[in-house]
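For clarity, every value in this text was computed on a predicted model and none was experimentally measured. Residue numbers start at 1 and run along the sequence shown. Each ligand, and each atom within it, is numbered from 1 in the order the structure gives.
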Amino acid sequence: MPTAEFDLPAGHPVLPAAAPTAFPVSGEPEDEVLARVRARLGDNRYAADRNFAITYSGTPHPITGRVEALSQGTYFVEWADESEAGTLGLEREAVRMMGSLLGAPEAVGVITTGGTESNLTALRLMRNRAGRAAPEVIAPVTMHFSFRLGAELMGIKLVEIDVGEDFRPRIEDVRRAITPNTVGLVASAPAGSFGLLDPIEAFADLAVRSGLPLHVDAAFGGFILPFMRDLGYEVPPFDFGLPGVTTMMTDGHKLGLLPIATGFFLSREPDLFETIPTERTLIHTTSSTKPGSRAASAWATLRHLGRAGYQASTAHVLAVRDRIVEGVTAIPGMALIAPPLITVVAFTSGSVDLRDVHERMAAEGWGQGYGEVRGRPFIRLSIHPSRTLEAADGFVAAFERAAARAPRR
Ligand SMILES: *Cc1c(COP(=O)(O)O)cnc(C)c1O
């Protein structure tokens with residue numbers, strides 16, 4: 001049975017490899033190859049517009065397709081600041097726009113390939129700043145897996161703080177975990193599993209009092225919480241507006257309507273950012289050459305949509321979420337696993353067999369995540385702004401049909 005990532009037991013699933021495939025001897029005609037690609041993509045389980053299982057299945061803003069055509073053959077990598085001055089200028093300005101959005105117009109940073117690379121960068125800064133022999137980083141167990149990856153790669157001991165029934169860590173537990181080897185704290189705004197915000201303000205206070213850097217993973221939050229606040233939603237402080245927040249990241253390819261792979265990493269302090277040794281390469285990221293279309297698309301989409309455009313996209317995606325939440329919680333036996341904050345929501349049930357519901361819906365082409373957390377089954381959705389209200393209605397209707405036929409538990 002699938003389990004919430006943070007509850008997975010240690011284990012090593014082995015995925016079957018494809019059968020050995022010969023390298024083609026002579027080329028095949030382009031049209032034939034394209035037809036085969038189309039057919040193979042058709043083997044994917046869910047059509048994009050019915051897929052609520054993963055945010056990436058959303059289509060980016062159409063302007064990014066036009067930018068893609070304009071930026072063919074360009075690239076960005078920091079050592080190319082003379083030859084690729086145009087592309088790098090777009091990257092740097094896009095980063096500054098994101099700093100302004102997140103409360104630190106002076107923040108420096110880079111476009112990354114996404115949240116994983118951004119979080120690796122954050123760990124690298126913490127480790128390098130402290131220069132400890134046995135560095136430790138403290139993070140709630142609900143963190144993204146990239147922190148475990150980074151800890152493994154960089155020889156950091158990750159101290160994982162368990163969460164309560166509400167899936168949030170208690171700040172007292174974080175404080176107690178600090179040792180002389182601690183080099184930084186991590187919190188999520190919000191955590192990806194159920195979209196719930198860690199107590200960022202308490203983390204930031206603790207960071208100030210203990211003199212430790214705090215990294216806020218706002219993979220989802222950075223591109224929705226500021227606009228929710230504009231729209232009048234109650235949003236707790238989560239960004240550089242809190243003095244204790246040292247670094248932040250957000251993913252353009254989740255709610256930012258940008259193409260995969262586009263992430264932003266930001267550091268409030270330029271000096272901290274420069275703890276990455278760049279003497280030979282100038283490169284601050286863990287990847288190097290990136291397609292110029294990503295910097296250009298980010299710049300273009302931020303300029304084209306502006307705050308007003310993102311407010312509209314936020315209002316739309318929250319309307320889609322509310323339509324689904326109202327519809328599914330009206331089904332007998334269905335409840336939310338926690339009150340939703342953003343576009344990640346999860347449902348649970350003590351009476352309806354949710355695995356059966358999931359399988360029936362998947363057979364009809366509806367995509368959603370299914371798993372179990374601390375003994376409770378759940379169905380999880382991550383809703384992209386490109387989803388429609390019609391798709392929300394279709395999803396709810398399919399859920400009703402499936403729940404009516406599913407066995408009782
Ligand atoms: C999605 C996500 C990430 C990073 O994902 P990428 O696939 O590398 O972009 C990091 N943190 C959280 C909380 C996420 O939801």
Side-chain angles (χ1 to χ4, degrees), residues 4-8 51-58 60 64 98 102 109-126 137 139-153 158 160-161 163 167-169 184-200 203 214-225 236 238-239 245 247-266 285-287 290-291 294 297-298 317 321 338 340-346 369 371 373 378 380-385:
E5 180 193 307
F6 61 86
D7 263 359
L8 277 177
N51 193 352
F52 292 96
I54 185 158
T55 325
Y56 311 128
S57 61
T64 63
M98 291 309 296
L102 297 174
V110 278
I111 291 183
T112 62
T113 52
T116 297
E117 188 177 17
S118 298
N119 287 339
L120 295 184
T121 309
L123 290 179
R124 196 174 177 198
L125 295 190
M126 289 174 174
V137 167
V141 68
T142 46
M143 77 191 121
H144 187 256
F145 91 90
S146 46
F147 295 107
R148 295 188 183 98
L149 169 66
E152 179 197 334
L153 294 178
L158 200 57
E160 303 194 16
I161 304 299
V163 292
F167 302 112
R168 286 154 49 97
L185 311 176
V186 165
S188 303
S193 296
F194 300 119
L196 302 172
L197 204 64
D198 285 337
I200 308 291
F203 266 89
L214 168 65
H215 172 64
V216 173
D217 174 342
F220 279 103
F223 270 102
I224 191 168
L225 295 176
F238 73 98
D239 64 11
V245 176
T247 56
M248 286 191 77
M249 69 79 140
T250 186
D251 274 355
H253 57 225
K254 285 188 178 155
L255 299 174
L257 296 165
L258 300 180
I260 291 180
T262 314
F264 294 90
F265 175 80
L266 300 163
T285 46
T286 40
S287 57
K290 294 166 277 194
R294 290 219 328 277
S297 288
V317 73
R321 176 200 71 181
L341 172 69
I342 60 156
T343 51
V344 175
V345 290
V373 62
F378 66 84
R380 171 191 180 270
L381 276 60
S382 177
I383 307 167
H384 189 267

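Here the side chains of Asp217 and Met249 are in contact, with some heavy-atom distance below 4.5 Å. The shortest distance between side-chain heavy atoms of Ser188 and His144 does not fall below 4.5 Å.
Taking any N or O of Asp251, backbone or side chain, at least one lies under 3.5 Å from an N or O belonging to ligand 1.
Ligand 1 places these atoms under 4.0 Å from at least one heavy atom of Met249: 10 (C), 11 (N). Taking a cut-off of under 4.0 Å to the non-hydrogen atoms of Gly192, the atoms of ligand 1 that pass are 13 (C), 15 (O). Atoms of ligand 1 lying under 4.0 Å from at least one heavy atom of Ala219, given by number and element, are 2 (C), 3 (C), 10 (C), 11 (N), 12 (C), 13 (C), 14 (C), 15 (O). With ligand atoms numbered from 1 in the order given, ligand 1 contributes 15 (O) to contacts under 4.0 Å with heavy atoms of Phe220.
Screening Leu120, Leu123, Val137, Thr116 against Phe147 for a side chain to side chain contact (heavy atoms under 4.5 Å, CB included) leaves a single residue, Leu123.
Nearest residue to atom 5 (O) of ligand 1 from Phe147, Tyr56, Phe145 is Tyr56 (criterion: closest heavy atom). Among Asp217, Asn119, Ile260, the residue whose heavy atom lies closest to atom 13 (C) of ligand 1 is Asp217.
Among all protein heavy atoms, the one lying closest to atom 4 (C) of ligand 1 is Gly115 CA, 3.3 Å. In terms of protein heavy atoms, atom 10 (C) of ligand 1 is closest to His144 CG, 3.2 Å. Counting only heavy atoms of the protein, atom 15 (O) of ligand 1 lies nearest to Lys254 NZ, 2.9 Å.
For the pair Glu117 and ligand 1, no heavy-atom separation below 4.0 Å is found. No heavy atom of Met143 sits closer than 4.0 Å to any atom of ligand 1.
Residues Thr142 and Ser193 bring no donor and acceptor atom of their side chains to less than 3.5 Å of each other.
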Verdict with reasoning, Leu158 to Met143, per side chain to side chain contact (heavy atoms under 4.5 Å, CB included): CA-CA 11 Å; Leu158 200 57; Met143 77 191 121; 3.6 Å; yes
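Contacts between Thr116 and ligand 1 below 4.0 angstrom, taking non-hydrogen atoms only, involve backbone and side chain alike.
Below 30°, between 30° and 60°, or above 60°: for Phe378 and Phe194 the angle between ring planes is above 60°, a perpendicular geometry.
Interatomic distance, Asp239 CG to Leu225 CG, rounded to the nearest 0.5 Å: 9.0 Å. Residue Leu197 holds its CG atom at 13.5 Å from CZ of Phe220, rounded to the nearest 0.5 Å.
Scanning all heavy atoms of the two residues, the minimum distance from Ala298 to Ile111 falls at CB-CD1, 4.1 Å.
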